There are 2 protein chains.
Amino acid sequence: MTSAGPRRNDQAGLAAEAAAGGGLSFEGRIRTHYRGLPESERRIADLILEFPGEVAAYSATELAKLSGGSKAAVTRLVRRLGFANFDEARRAARDAQTWGSPLYLLSKKAPSGNFGARIEEQIDQDVRNISLTLEQLQADVFDDIVDAICEARRVFLLGYRNSHYLAGYARGQINQVRGDVYLLPTAGETIAEEIADLTVDDVLIVIGFRRRVAEVPRAMAAAHAAGAKVLYVTDRSAEAAPPATWTIPCAVRGKDLFDRYAAAMSLLHFLCVAIVDRLAAKGRGRLQRIENLHEELHDFD
Amino acid sequence: MTSAGPRRNDQAGLAAEAAAGGGLSFEGRIRTHYRGLPESERRIADLILEFPGEVAAYSATELAKLSGGSKAAVTRLVRRLGFANFDEARRAARDAQTWGSPLYLLSKKAPSGNFGARIEEQIDQDVRNISLTLEQLQADVFDDIVDAICEARRVFLLGYRNSHYLAGYARGQINQVRGDVYLLPTAGETIAEEIADLTVDDVLIVIGFRRRVAEVPRAMAAAHAAGAKVLYVTDRSAEAAPPATWTIPCAVRGKDLFDRYAAAMSLLHFLCVAIVDRLAAKGRGRLQRIENLHEELHDFD
DNA sequence: GATTGTTTGAAACTTGAATTTCAAAAATCT
DNA sequence: AGATTTTTGAAATTCAAGTTTCAAACAATC
């Protein structure tokens, strides 16, 4: 079994390969060896982890330069990961990509039908949405938002249906680095109580994508009226003047039946890491936790 | 023609650009010279036009083989296009990708400059991850997965922490088009009961990204042993032989403290729409609901 | 502090990829 | 058709990328 990708985990025959490191993705191999990696090789491994897939386009010499090490270190790493030589590693990295490779189109031509094309279409749509969403952000507004979330006494995230999961995700991330972050609605409960309780010191982040729910505009209006800052993350077909302090429109439409939330994820991620940076810079928030997160980055389980 | 400027400009207007170091893209150069290209070189050019960007990962020898020509032809083409040598061309191809340029690689040393640059960086990272994730899917395996989910008596989605929200999202989407789709763990409860109850007719979809939880491998092993089909969606540093029927590795790493799940979203979206298509084609699932979804597409609230 | 084992990059070495050469083959022109 | 130019790939050559070696620097152990 050579390729990465969704693979049948056929039990027999794996043992031998696994020992040699075969059948694993580049990253998988790095993972299994990461702990025992010496400084210089680990720096190269880190580089590869940050840019998987890029390996194929870079020479060992370039990787050495970029990681600040020597060519010898690259050779040593590649060997340790179980490849015979750098060239074998490069091939492995390149061939993991089934679609979009010349080899594929030239060899198999017809059999897969248009699966490759469908894939490329999916990618295009998400790329477009992500670009649209992030590129329209304005530095000063975004800064205000991040600042408000960092300084707020309490942060509430509100979302229903699909939006609820996005809100939950964001809540989880923000909660890692500062306290008093709450997800609404809590199971089964109505949100009336919490909304009524909001003050000027609080921030309410509303994730309000399509298939809207009547509660949302009401809650936003109430929160806004109470002086709480309101961030409204929604799709681009949303109304013009919602009762919010800030509105971020997010591209979610595509050709498919369901809306696509990759761009929303991308946006929330960006927001969350911006919050981390800001908190760290201010020396506020859960600094110890942030410290730990940095260390845990290279734990693979 | 001597060392300094091996650029042939037969068109006056291009002189300035080319002299400045070849401001033209790889594709642009091919187009400019295409008509005057001899047979063997044109075949190579065609190959490159189909996969600009991919060129970087291939050697001149491979391009020669793939196009059915000789190495000499590749060298000649590259020269004719105005590059000093194949290596210069390879670099150009690589850097044409907005991501993956040495410039980009080095930019991580400059502590994230202006807002626009940070945005572009975010976009690049997600684009990269999405491409990595989707392009490695294999049509037949993916088909099996979709089919299994459509035909299963019951579908369970399991995920903890961040993965729980992704699982919840997917559950919500799949639940729109077929019944008996369950999210685990249910609030507060342990999963032991449901896992013990799994049969060969069930499918368990495990979302198992980093910061892994001890329950997950246990549950997977139990489910697998009970004969249920198990789809394991995880990051690319996954172990070699998980107890799953299928494993889909998903690119989630980037330069930030938190993992980025845009690619995971993209993958789950693709999976969900594939399920809808399949169900519709089979005339199974909640056909009326699917019908409604189509109509609701243009409702904006 | 001596001993043993690692880790490291510079430099020598090896190998294979890219370039050049060259003569045959194909195309174009007269 | 004959002459001239262009195109072509096999083979020889060149050159750089990747590997190996090795001694110094560093760590760990006794």
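Residue numbers start from 1 in every chain, and the chains themselves are labelled A, B, ... in the order their sequence lines are given, proteins ahead of strands. Worth saying up front: this structure is predicted, and the values here are computed from it rather than measured.
- The distance between atom CG of A/Leu77 and atom C1' of C/dT8, rounded to the nearest whole Å, is 14 Å.
- Taking a cutoff of 4.0 Å between a charged side-chain nitrogen and a carboxylate oxygen, B/Asp235 and B/Arg212 qualify as a salt bridge.
- One can place NZ of B/Lys65 at 11 Å from P of D/dA10, the figure rounded to the nearest angstrom.
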Protein heavy-atom contacts under 4.0 Å, written 5' to 3' over nucleotides 9-22 of chain C as B (base), S (sugar-phosphate only) or - (none), form the string BB------SBBB--
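- Proximity of A/Leu267 to A/Leu137: side-chain heavy atoms (C-beta onward) are separated by under 4.5 Å at one or more points.
- Counting heavy atoms from C-beta outward, A/Glu41 and A/Ser67 have side chains that stay 4.5 Å or more apart.
- Across the protein-nucleic acid pair, A/Arg80 atom CZ and C/dT6 atom P stand 11 Å apart, rounded to whole Å.
- Cation-pi contact between A/Arg118 and B/Phe142: absent, since separation from the ring centre below 6.0 Å together with deviation from the ring axis within 45° is not met.
- Rounded to whole angstrom, the span from the CG atom of A/Leu63 across to the P atom of D/dA17 amounts to 13 Å.
- Electrostatic pairing of B/Arg42 and B/Glu39 counts as a salt bridge here, judged by a charged N lying under 4.0 Å from a carboxylate O.
- Classification of B/Asp87 and B/Arg91 as a salt-bridged pair holds, one side-chain N sitting under 4.0 Å from a carboxylate O.
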